[in-house]
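Inspection log for the structure reproduced underneath, given as C-alpha coordinates.
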Amino acid sequence: MGIRHNSNDRLEGLMYILNRYDYLFFFIAPVILTVIYLLPMNIKEVFTLNPSHPTLLTMFLSNYTQIGFSGYAANLINYLILIFLIFNIKTNKKILYLSSFLIFIVLPFISSFLSDVYFILHPSIWGFSAIVAGFTGYFLYAVYNYLKSVLTVPVKGKFLWLLLVINFSIVGIFNSRAPIFTKIIFVIISIAFLLINLKTLNEIYKHYIKEFKELANYSLIKRLYRVFFFLLAFICLFSLHGLIPLEIKKGNITINILAHYVGYFFGLVIPLVIEKALQFHQSGEKLSWRISR
(Lines give C-alpha, C1' and ligand atoms only; values in the text may rest on other atoms or scores of the structure.)
Protein backbone atom coordinates (compact mmCIF):
# COMPACT_ATOMS: atom_id res chain seq x y z
CA MET A 1 0.00 0.00 0.00
CA GLY A 2 3.04 2.21 0.29
CA ILE A 3 6.45 2.23 -1.32
CA ARG A 4 9.64 1.85 0.65
CA HIS A 5 12.23 4.60 0.50
CA ASN A 6 15.91 4.04 -0.21
CA SER A 7 19.04 6.15 -0.22
CA ASN A 8 18.60 7.15 -3.86
CA ASP A 9 15.00 8.23 -3.28
CA ARG A 10 13.75 6.25 -6.26
CA LEU A 11 10.54 4.31 -6.77
CA GLU A 12 11.83 0.90 -5.84
CA GLY A 13 8.75 -0.95 -6.97
CA LEU A 14 8.69 0.75 -10.35
CA MET A 15 12.34 -0.13 -10.92
CA TYR A 16 11.76 -3.65 -9.67
CA ILE A 17 9.12 -4.27 -12.30
CA LEU A 18 11.82 -3.92 -14.95
CA ASN A 19 13.71 -6.91 -13.58
CA ARG A 20 14.12 -9.22 -16.56
CA TYR A 21 13.51 -12.43 -14.62
CA ASP A 22 10.23 -11.18 -13.22
CA TYR A 23 9.32 -9.93 -16.67
CA LEU A 24 9.81 -13.40 -18.14
CA PHE A 25 8.11 -15.25 -15.30
CA PHE A 26 5.01 -13.14 -14.90
CA PHE A 27 4.46 -12.26 -18.55
CA ILE A 28 4.44 -15.83 -19.83
CA ALA A 29 0.77 -16.12 -18.80
CA PRO A 30 -0.50 -13.06 -20.74
CA VAL A 31 1.59 -14.12 -23.74
CA ILE A 32 -0.07 -17.57 -23.71
CA LEU A 33 -3.47 -15.91 -23.21
CA THR A 34 -2.88 -13.56 -26.15
CA VAL A 35 -1.52 -16.24 -28.49
CA ILE A 36 -4.52 -18.49 -27.83
CA TYR A 37 -6.93 -15.56 -28.20
CA LEU A 38 -5.51 -14.75 -31.65
CA LEU A 39 -5.96 -18.32 -32.88
CA PRO A 40 -8.88 -19.15 -35.20
CA MET A 41 -12.13 -19.94 -33.41
CA ASN A 42 -12.14 -23.62 -34.44
CA ILE A 43 -8.75 -24.10 -32.75
CA LYS A 44 -9.71 -22.14 -29.61
CA GLU A 45 -12.77 -24.32 -29.19
CA VAL A 46 -10.47 -27.34 -28.94
CA PHE A 47 -8.92 -25.79 -25.80
CA THR A 48 -12.26 -25.13 -24.04
CA LEU A 49 -13.29 -27.54 -21.31
CA ASN A 50 -16.18 -29.92 -21.99
CA PRO A 51 -17.46 -30.94 -18.52
CA SER A 52 -18.79 -34.25 -19.81
CA HIS A 53 -15.47 -35.16 -21.50
CA PRO A 54 -12.63 -33.40 -19.64
CA THR A 55 -8.96 -34.00 -20.45
CA LEU A 56 -5.82 -32.82 -18.67
CA LEU A 57 -5.04 -30.58 -21.64
CA THR A 58 -8.42 -28.82 -21.67
CA MET A 59 -8.52 -28.62 -17.86
CA PHE A 60 -5.35 -26.57 -18.05
CA LEU A 61 -5.58 -24.61 -21.31
CA SER A 62 -9.23 -23.65 -20.89
CA ASN A 63 -8.02 -21.35 -18.10
CA TYR A 64 -5.84 -19.52 -20.63
CA THR A 65 -8.50 -19.31 -23.33
CA GLN A 66 -10.72 -16.29 -23.99
CA ILE A 67 -13.31 -16.27 -26.77
CA GLY A 68 -14.53 -12.65 -26.82
CA PHE A 69 -12.42 -9.48 -26.86
CA SER A 70 -14.14 -7.85 -23.86
CA GLY A 71 -13.35 -10.80 -21.59
CA TYR A 72 -9.80 -11.03 -22.92
CA ALA A 73 -9.11 -7.30 -22.46
CA ALA A 74 -10.71 -7.09 -19.00
CA ASN A 75 -8.81 -10.10 -17.64
CA LEU A 76 -5.50 -9.01 -19.18
CA ILE A 77 -5.77 -5.46 -17.80
CA ASN A 78 -6.79 -6.68 -14.34
CA TYR A 79 -3.91 -9.16 -14.31
CA LEU A 80 -1.33 -6.51 -15.27
CA ILE A 81 -2.66 -4.09 -12.63
CA LEU A 82 -2.46 -6.75 -9.92
CA ILE A 83 1.06 -7.80 -10.90
CA PHE A 84 2.17 -4.16 -10.90
CA LEU A 85 0.77 -3.65 -7.39
CA ILE A 86 2.20 -6.92 -6.06
CA PHE A 87 5.66 -6.07 -7.41
CA ASN A 88 5.57 -2.78 -5.54
CA ILE A 89 4.64 -4.21 -2.15
CA LYS A 90 6.17 -7.68 -2.25
CA THR A 91 8.20 -8.58 0.82
CA ASN A 92 9.19 -12.21 0.33
CA LYS A 93 10.29 -13.26 -3.16
CA LYS A 94 10.21 -16.97 -2.34
CA ILE A 95 6.56 -16.84 -1.23
CA LEU A 96 5.67 -14.73 -4.27
CA TYR A 97 7.23 -17.13 -6.75
CA LEU A 98 5.97 -20.32 -5.11
CA SER A 99 2.44 -18.92 -4.81
CA SER A 100 2.49 -17.65 -8.40
CA PHE A 101 3.71 -20.99 -9.70
CA LEU A 102 0.82 -22.76 -7.95
CA ILE A 103 -1.68 -20.17 -9.23
CA PHE A 104 -0.42 -20.61 -12.79
CA ILE A 105 -0.11 -24.41 -12.76
CA VAL A 106 -2.22 -26.00 -10.01
CA LEU A 107 -5.17 -23.60 -9.72
CA PRO A 108 -6.35 -24.25 -13.33
CA PHE A 109 -6.77 -27.96 -12.58
CA ILE A 110 -8.57 -27.35 -9.26
CA SER A 111 -10.86 -24.74 -10.82
CA SER A 112 -11.60 -26.95 -13.83
CA PHE A 113 -12.29 -30.02 -11.67
CA LEU A 114 -14.80 -28.18 -9.47
CA SER A 115 -16.36 -26.49 -12.51
CA ASP A 116 -16.74 -29.92 -14.12
CA VAL A 117 -18.85 -31.03 -11.18
CA TYR A 118 -20.88 -27.81 -10.92
CA PHE A 119 -21.40 -27.13 -14.63
CA ILE A 120 -21.71 -30.72 -15.81
CA LEU A 121 -24.62 -29.84 -18.13
CA HIS A 122 -22.82 -26.94 -19.83
CA PRO A 123 -21.26 -27.58 -23.24
CA SER A 124 -17.97 -25.73 -22.62
CA ILE A 125 -16.02 -23.72 -20.04
CA TRP A 126 -13.17 -21.26 -20.57
CA GLY A 127 -11.65 -18.08 -19.18
CA PHE A 128 -8.62 -16.52 -17.44
CA SER A 129 -10.74 -15.25 -14.54
CA ALA A 130 -9.73 -17.94 -12.04
CA ILE A 131 -6.07 -16.94 -12.35
CA VAL A 132 -6.93 -13.23 -12.08
CA ALA A 133 -9.02 -14.05 -8.99
CA GLY A 134 -6.04 -16.00 -7.62
CA PHE A 135 -3.81 -12.94 -7.77
CA THR A 136 -6.63 -10.80 -6.35
CA GLY A 137 -6.67 -13.08 -3.33
CA TYR A 138 -2.87 -13.08 -3.16
CA PHE A 139 -2.92 -9.27 -3.13
CA LEU A 140 -4.76 -9.35 0.21
CA TYR A 141 -1.95 -11.46 1.62
CA ALA A 142 0.69 -9.18 0.05
CA VAL A 143 -0.82 -6.12 1.76
CA TYR A 144 -1.08 -7.98 5.07
CA ASN A 145 2.54 -9.16 4.82
CA TYR A 146 3.76 -5.71 3.79
CA LEU A 147 2.11 -4.06 6.79
CA LYS A 148 3.49 -6.72 9.12
CA SER A 149 7.01 -7.19 7.74
CA VAL A 150 7.93 -3.83 6.22
CA LEU A 151 5.90 -1.23 8.12
CA THR A 152 6.05 -3.36 11.32
CA VAL A 153 2.39 -2.64 12.04
CA PRO A 154 1.13 -5.24 14.58
CA VAL A 155 -1.32 -6.94 12.20
CA LYS A 156 -2.54 -10.46 12.90
CA GLY A 157 -4.80 -12.99 11.24
CA LYS A 158 -7.89 -11.10 12.38
CA PHE A 159 -6.89 -8.26 10.02
CA LEU A 160 -7.13 -10.65 7.05
CA TRP A 161 -10.54 -11.68 8.32
CA LEU A 162 -11.51 -8.00 8.35
CA LEU A 163 -10.50 -7.62 4.69
CA LEU A 164 -12.47 -10.74 3.76
CA VAL A 165 -15.56 -9.68 5.69
CA ILE A 166 -15.59 -6.22 4.12
CA ASN A 167 -15.20 -7.70 0.64
CA PHE A 168 -18.07 -10.12 1.14
CA SER A 169 -20.15 -7.43 2.79
CA ILE A 170 -19.75 -5.20 -0.25
CA VAL A 171 -20.90 -8.09 -2.47
CA GLY A 172 -23.89 -8.83 -0.22
CA ILE A 173 -24.98 -5.26 0.53
CA PHE A 174 -24.97 -4.15 -3.11
CA ASN A 175 -26.68 -7.30 -4.34
CA SER A 176 -30.24 -6.17 -5.07
CA ARG A 177 -31.45 -9.76 -4.76
CA ALA A 178 -30.08 -10.26 -1.23
CA PRO A 179 -32.71 -10.05 1.56
CA ILE A 180 -32.55 -6.97 3.77
CA PHE A 181 -31.93 -9.22 6.79
CA THR A 182 -28.78 -10.61 5.10
CA LYS A 183 -27.53 -7.09 4.40
CA ILE A 184 -28.06 -6.10 8.05
CA ILE A 185 -26.09 -9.17 9.17
CA PHE A 186 -23.22 -8.19 6.84
CA VAL A 187 -23.19 -4.65 8.28
CA ILE A 188 -23.17 -5.92 11.87
CA ILE A 189 -20.34 -8.39 11.21
CA SER A 190 -18.31 -5.72 9.41
CA ILE A 191 -18.69 -3.29 12.32
CA ALA A 192 -17.69 -6.03 14.77
CA PHE A 193 -14.48 -6.81 12.86
CA LEU A 194 -13.72 -3.09 12.52
CA LEU A 195 -13.95 -2.74 16.31
CA ILE A 196 -11.77 -5.82 16.84
CA ASN A 197 -9.11 -4.34 14.55
CA LEU A 198 -9.46 -0.77 15.82
CA LYS A 199 -5.94 -0.61 17.30
CA THR A 200 -4.38 -2.03 14.13
CA LEU A 201 -6.35 0.35 11.91
CA ASN A 202 -5.23 3.27 14.05
CA GLU A 203 -1.56 2.26 13.57
CA ILE A 204 -2.07 2.01 9.80
CA TYR A 205 -3.82 5.38 9.79
CA LYS A 206 -0.97 7.07 11.68
CA HIS A 207 1.62 5.64 9.31
CA TYR A 208 -0.10 6.83 6.16
CA ILE A 209 -0.91 10.26 7.59
CA LYS A 210 2.82 10.62 8.24
CA GLU A 211 3.66 9.36 4.74
CA PHE A 212 1.24 11.77 3.05
CA LYS A 213 2.73 14.67 5.03
CA GLU A 214 6.15 13.68 3.69
CA LEU A 215 4.91 13.94 0.11
CA ALA A 216 5.77 17.64 0.18
CA ASN A 217 9.44 16.63 0.03
CA TYR A 218 9.01 14.93 -3.36
CA SER A 219 8.63 16.14 -6.90
CA LEU A 220 5.14 16.58 -8.34
CA ILE A 221 5.47 13.44 -10.49
CA LYS A 222 6.47 11.31 -7.50
CA ARG A 223 3.67 12.78 -5.41
CA LEU A 224 1.11 11.98 -8.09
CA TYR A 225 2.56 8.49 -8.50
CA ARG A 226 2.34 7.72 -4.78
CA VAL A 227 -1.23 8.99 -4.49
CA PHE A 228 -2.23 7.10 -7.64
CA PHE A 229 -0.60 3.91 -6.35
CA PHE A 230 -2.31 4.18 -2.97
CA LEU A 231 -5.77 4.74 -4.48
CA LEU A 232 -5.31 1.93 -6.99
CA ALA A 233 -4.14 -0.44 -4.26
CA PHE A 234 -7.08 0.51 -2.04
CA ILE A 235 -9.56 -0.14 -4.85
CA CYS A 236 -8.03 -3.53 -5.68
CA LEU A 237 -7.95 -4.49 -2.01
CA PHE A 238 -11.75 -4.40 -1.97
CA SER A 239 -12.43 -5.60 -5.50
CA LEU A 240 -14.11 -8.96 -4.87
CA HIS A 241 -17.42 -7.47 -6.03
CA GLY A 242 -15.82 -6.96 -9.44
CA LEU A 243 -15.33 -10.72 -9.70
CA ILE A 244 -18.92 -11.42 -8.69
CA PRO A 245 -21.26 -9.66 -11.16
CA LEU A 246 -24.93 -9.33 -10.29
CA GLU A 247 -25.95 -10.85 -13.61
CA ILE A 248 -24.14 -14.13 -14.20
CA LYS A 249 -25.77 -14.72 -17.59
CA LYS A 250 -24.91 -12.72 -20.69
CA GLY A 251 -26.90 -14.07 -23.60
CA ASN A 252 -26.11 -17.78 -23.89
CA ILE A 253 -22.93 -17.45 -21.78
CA THR A 254 -22.90 -18.18 -18.02
CA ILE A 255 -20.14 -16.57 -15.97
CA ASN A 256 -18.27 -19.18 -13.94
CA ILE A 257 -18.66 -17.56 -10.51
CA LEU A 258 -17.43 -20.74 -8.81
CA ALA A 259 -14.01 -20.38 -10.49
CA HIS A 260 -13.80 -16.80 -9.23
CA TYR A 261 -14.43 -17.85 -5.62
CA VAL A 262 -12.06 -20.82 -5.88
CA GLY A 263 -9.30 -18.66 -7.35
CA TYR A 264 -9.79 -15.91 -4.77
CA PHE A 265 -9.52 -18.25 -1.78
CA PHE A 266 -6.70 -20.25 -3.36
CA GLY A 267 -4.66 -17.08 -3.91
CA LEU A 268 -5.19 -15.98 -0.31
CA VAL A 269 -4.66 -19.30 1.47
CA ILE A 270 -1.65 -20.64 -0.48
CA PRO A 271 0.84 -17.90 0.57
CA LEU A 272 -0.30 -18.28 4.19
CA VAL A 273 0.42 -22.02 4.02
CA ILE A 274 3.79 -21.42 2.34
CA GLU A 275 4.70 -18.79 4.96
CA LYS A 276 3.93 -21.22 7.78
CA ALA A 277 5.87 -24.02 6.03
CA LEU A 278 8.92 -21.78 5.60
CA GLN A 279 8.76 -20.69 9.23
CA PHE A 280 8.52 -24.33 10.34
CA HIS A 281 11.47 -25.26 8.11
CA GLN A 282 13.58 -22.39 9.44
CA SER A 283 12.77 -23.24 13.07
CA GLY A 284 13.69 -26.87 12.33
CA GLU A 285 17.05 -25.79 10.91
CA LYS A 286 17.76 -23.65 13.98
CA LEU A 287 16.87 -26.54 16.28
CA SER A 288 19.09 -28.91 14.30
CA TRP A 289 21.99 -26.44 14.49
CA ARG A 290 21.60 -26.11 18.27
CA ILE A 291 21.52 -29.89 18.72
CA SER A 292 24.61 -30.32 16.54
CA ARG A 293 26.50 -27.90 18.79
Side-chain angles (χ1 to χ4, degrees), residues 1-4 78 81-82 84-92 95-96 99 103 132-175 178-212 226-227 229-246 257 260-279:
M1 296 285 285
I3 301 174
R4 285 176 286 179
N78 288 334
I81 289 173
L82 286 164
F84 167 73
L85 292 173
I86 290 168
F87 278 173
N88 273 272
I89 64 172
K90 79 169 193 67
T91 56
N92 189 310
I95 293 177
L96 171 62
S99 299
I103 290 173
V132 172
F135 281 104
T136 305
Y138 180 88
F139 182 62
L140 265 68
Y141 167 81
V143 169
Y144 159 78
N145 197 25
Y146 179 83
L147 292 171
K148 177 179 66 173
S149 304
V150 179
L151 302 187
T152 63
V153 175
V155 295
K156 297 181 180 180
K158 59 186 179 182
F159 180 75
L160 271 178
W161 278 106
L162 171 65
L163 297 180
L164 274 175
V165 166
I166 292 178
N167 269 289
F168 277 100
S169 294
I170 293 172
V171 173
I173 291 170
F174 289 96
N175 186 345
I180 187 65
F181 176 76
T182 302
K183 295 181 179 183
I184 293 173
I185 293 297
F186 274 124
V187 170
I188 293 172
I189 294 175
S190 296
I191 293 173
F193 272 92
L194 282 169
L195 293 174
I196 292 171
N197 287 274
L198 203 57
K199 184 177 179 180
T200 300
L201 292 172
N202 184 52
E203 291 295 324
I204 296 171
Y205 170 78
K206 288 192 294 185
H207 169 82
Y208 280 102
I209 286 296
K210 181 181 178 181
E211 181 169 308
F212 280 123
R226 289 179 184 275
V227 173
F229 180 86
F230 179 85
L231 292 175
L232 184 62
F234 188 82
I235 291 170
C236 288
L237 194 60
F238 302 104
S239 60
L240 177 62
H241 66 282
L243 298 172
I244 315 297
L246 296 179
I257 299 298
H260 297 187
Y261 279 119
V262 171
Y264 189 76
F265 280 105
F266 186 89
L268 175 60
V269 172
I270 283 300
L272 289 170
V273 173
I274 293 173
E275 180 184 25
K276 291 297 182 183
L278 291 175
Q279 289 173 353

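Computed from a predicted structure; not experimentally measured. Side chains are part of it too, since the values below use all heavy atoms of this structure and drop only hydrogens, waters and symmetry mates.
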Pair Ile244-Tyr261, side chain to side chain contact (heavy atoms under 4.5 Å, CB included): steps then yes or no:
CA-CA 8 Å; Ile244 315 297; Tyr261 279 119; 3.7 Å; yes
State yes or no: are the ring centers of Phe135 and Phe139 separated by less than 6.0 Å? no
Here the pair of heavy atoms bringing Pro154 nearest to Glu203 is CD-CG, 4.2 Å
CG of Leu194 to CG of Leu201, rounded to nearest 0.5 Å, is 6.5 Å
field: 4.5 Å side-chain heavy-atom contact, Leu164 and Leu268
entry: yes
* Asked: Is the gap between the ring centers of Tyr138 and Tyr141 under 6.0 Å?
  -> yes
request  = Check whether any side-chain heavy atom of Asn202 lies under 4.5 Å from a side-chain heavy atom of Lys199, and answer yes or no.
outcome  = no
One should read off an interatomic distance between Leu160 CG and Lys148 NZ, to the nearest 0.5 angstrom, of 8.5 Å
**Report entry** Parallel, tilted or perpendicular: rings of Phe168 and Tyr264 (30°, 60°)
**Finding:** perpendicular
Taking every heavy atom of Cys236 against every heavy atom of Thr136, the minimum-distance pair comes out as O-CG2, 4.4 Å
Between the CZ atom in Phe186 and the CD1 atom in Ile191, the distance rounded to the nearest 0.5 Å is 14.0 Å
Yes or no on side chain to side chain contact (heavy atoms under 4.5 Å, CB included) for Leu151 and Tyr208, after CA distance, side-chain angles and deciding distance?
-> CA-CA 10 Å; Leu151 302 187; Tyr208 280 102; 3.8 Å; yes
For Lys158 and Asn197 the tightest heavy-atom approach is O-ND2, 3.3 Å
When rounded to the nearest 0.5 Å, the distance separating CD1 of Ile184 from CD1 of Ile189 is 12.0 Å
Note to self: Would you say that Leu240 contacts Ile170 through its side chain, given a criterion of any heavy-atom pair below 4.5 Å between the two side chains?
What the structure shows: no
Smallest heavy-atom separation, Ser190 atom then Leu162 atom, equals O-CD1, 4.5 Å
d(Ile204 CD1, Phe159 CZ) to nearest 0.5 Å is 4.0 Å
Taking every heavy atom of Ile103 against every heavy atom of Gly267, the minimum-distance pair comes out as CD1-CA, 4.3 Å
| Polar side-chain atom of Asn167 near backbone of Leu163 as donor-acceptor pair, under 3.5 Å | yes
Q: Mark yes when over 12 heavy atoms from residues, nucleotides or ligands other than Phe174 sit less than 6.0 Å from its CZ; otherwise mark no.
A: no
Between the CD1 atom in Ile95 and the OG atom in Ser149, the distance rounded to the nearest 0.5 Å is 8.0 Å
